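Every value quoted in this text rests on a predicted model; they were computed, and no experiment measured them.
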Amino acid sequence: MRERSDDDGRTAASPGEGLAQAGEDKTLWDIAAAMRTLGPQASMAQIAREAGLTPAALYQRFPTPDILRSRLAEAFYDRLLAHAEQIPGLPVEQRLERFLRTVGLHLALSHSVLPDAFGEMASPAQRERIYALTVDLLEQSRQAGVVAADVALSDIAAAVWGLRGVIATTDTLAPDAWERHLDVVVAGLRDPHITFSRPPLDAGLLDRVIHRSSS
């Protein structure tokens, strides 16, 4: 995925470029880029060579594929948090959409690298931080009239689940299709006349759904 910047200031970067510029371990992101290029069936030796490493150097840092994927999941989530925690500094009308686009970008970049969504491989502390931020951003958006008053936390969760489905379905063929899907989702969230055919998931049920998907 190429680095790009558009009129509303959104910027995306490839794992070997923008991610390293954020102070992260460049070697780790070179490995992630290699895994995206080679596909999920690549061996550790193939990944090492594509990333410009010797297999011995890769195994020294990450003795097994599971350890490598675990470290990558941690890094993806840490980077998501680092970006997301800057969002409250934006004008309130931009915050929730920027958050969803940031999540979508990270899901898209990690899709061909990790066996599961990186959120499902995150630590409890990482999940708690992103949960608290999501709650705050939604409440700020409701109070400011950016989203309809009836929009609930489970609606934001469902928007993310939908992004995952679009990314999984279109990856390699139309890797940016999720962005158009999110345009539609954001327009719906902002519609003051939106009506819902069903009540939102309550907090307990939402928690059960999230923990089932991460178990």
Side-chain angles (χ1 to χ4, degrees), residues 1 8 10-12 15 19 72-88 90 92-142 146-148 150-171 174-191 194 196-215:
M1 187 172 294
D8 69 1
R10 298 195 304 259
T11 301
L19 306 181
L72 282 165
E74 179 186 10
F76 270 110
Y77 216 101
D78 280 346
R79 190 189 60 138
L80 169 62
L81 283 164
H83 289 174
E85 287 172 348
Q86 298 177 27
I87 289 173
L90 297 174
V92 66
E93 64 272 12
Q94 298 178 18
R95 293 174 192 170
L96 187 59
E97 179 178 359
R98 181 67 66 86
F99 173 71
L100 289 171
R101 292 195 183 280
T102 300
V103 172
L105 176 61
H106 285 71
L107 288 170
L109 287 173
S110 66
H111 174 68
S112 298
V113 175
L114 300 173
D116 301 298
F118 61 89
E120 296 177 6
M121 303 172 70
S123 70
Q126 288 175 317
R127 291 180 193 168
E128 184 61 30
R129 286 170 63 193
I130 207 70
Y131 177 86
L133 180 61
T134 307
V135 170
D136 287 346
L137 290 174
L138 176 58
E139 184 58 26
Q140 293 163 16
S141 297
R142 283 193 299 226
V146 176
V147 300
D150 291 341
V151 172
L153 184 62
S154 61
D155 299 316
I156 306 305
V160 174
W161 300 334
L163 286 175
R164 287 172 54 180
V166 173
I167 289 166
T169 302
T170 62
D171 189 44
D176 296 327
W178 66 268
E179 296 190 66
R180 182 180 176 93
H181 170 71
L182 187 55
D183 292 339
V184 176
V185 171
V186 169
L189 294 174
R190 289 177 171 171
D191 183 357
I194 189 172
F196 295 95
S197 59
R198 295 288 186 275
L201 302 181
D202 62 36
L205 184 54
L206 178 59
D207 186 67
R208 287 170 57 196
V209 171
I210 290 172
H211 281 85
R212 181 180 67 181
S213 66
S214 60
S215 60

Notebook entry, point to check: Would a 4.5 Å heavy-atom cut-off, applied to side chains only, mark Leu137 and Gln140 as touching?
Noted result: yes
Check: At what distance, to the nearest 0.5 angstrom, does CG of Leu189 lie from CD1 of Ile194?
Finding: 6.5 Å
Next item on the list: Side-chain contact test, heavy atoms from C-beta onward, threshold under 4.5 Å: evaluate it for Val135 versus Glu139 and give yes or no.
Entry: no
Item checked: Considering all heavy atoms, the nearest Leu206-Ala157 contact -> CD1-CB, 3.9 Å
Checklist line | Minimum-distance pair of heavy atoms, taken over all atoms of Ser154 and Leu201 | finding: OG-N, 3.2 Å
Check: Taking atom CD of Gln126 and atom CD of Glu74, what is their separation to the nearest 0.5 Å?
Finding: 6.0 Å
Next item on the list: Could you tell me which non-hydrogen atom of Leu163 sits nearest to which non-hydrogen atom of Gly104, and how far apart they are?
Entry: CD1-CA, 4.0 Å
Item checked: Minimum heavy-atom distance Glu120-Arg127, with the two atoms named -> O-NH2, 2.9 Å
Note to self: Here's a test for you: under side chain to side chain contact (heavy atoms under 4.5 Å, CB included), which of Val103, Leu153, Val160, Leu96 qualifies with Thr134?
What the structure shows: Leu153
Margin query: So Val113 and Phe118, do their side chains get closer than 4.5 Å, heavy atoms only?
Written below: no
Note to self: Any non-hydrogen side-chain atom of Asp155 less than 4.5 Å from a side-chain atom of Phe196?
What the structure shows: yes
Next item on the list: Please answer whether the main-chain N or O of Ala174 pairs with a side-chain N or O of Thr170 as donor and acceptor at a distance below 3.5 Å.
Entry: yes
Next item on the list: Any chance you could measure Leu107, atom CG, to Leu114, atom CG, to the nearest 0.5 Å?
Entry: 10.0 Å
Next item on the list: Evaluate the side-chain proximity of Asp136 to Pro88: yes if any heavy-atom separation is below 4.5 Å, no if none is.
Entry: no
Check: Is the side chain of Arg142 donor-acceptor paired with the backbone N or O of Val151 at a distance under 3.5 Å, no angle test?
Finding: yes
Item checked: Spacing of CG belonging to Asp116 relative to CZ belonging to Arg164, to within rounding of 0.5 Å -> 8.0 Å
Next item on the list: Tell me, with the steps shown, if Phe99 and Ile130 meet side chain to side chain contact (heavy atoms under 4.5 Å, CB included).
Entry: CA-CA 10 Å; Phe99 173 71; Ile130 207 70; 3.9 Å; yes
Item checked: Separation of Arg180 CZ from Leu182 CG (nearest 0.5 Å) -> 12.5 Å
Margin query: Please find the pair of heavy atoms, one from Ala177 and one from Val166, that lie closest to each other, and give the distance.
Written below: C-CG1, 4.1 Å
Margin query: Can you give me the closest heavy-atom contact between Arg190 and Glu97, atom names plus distance?
Written below: NH2-OE1, 2.9 Å
Note to self: Using 0.5 Å steps for rounding, measure from the CD atom of Glu85 to the CG atom of Leu80.
What the structure shows: 9.0 Å
Next item on the list: Mind running side chain to side chain contact (heavy atoms under 4.5 Å, CB included) on Ile87 and Leu133 for me, showing each step along the way?
Entry: CA-CA 9 Å; Ile87 289 173; Leu133 180 61; 5.8 Å; no
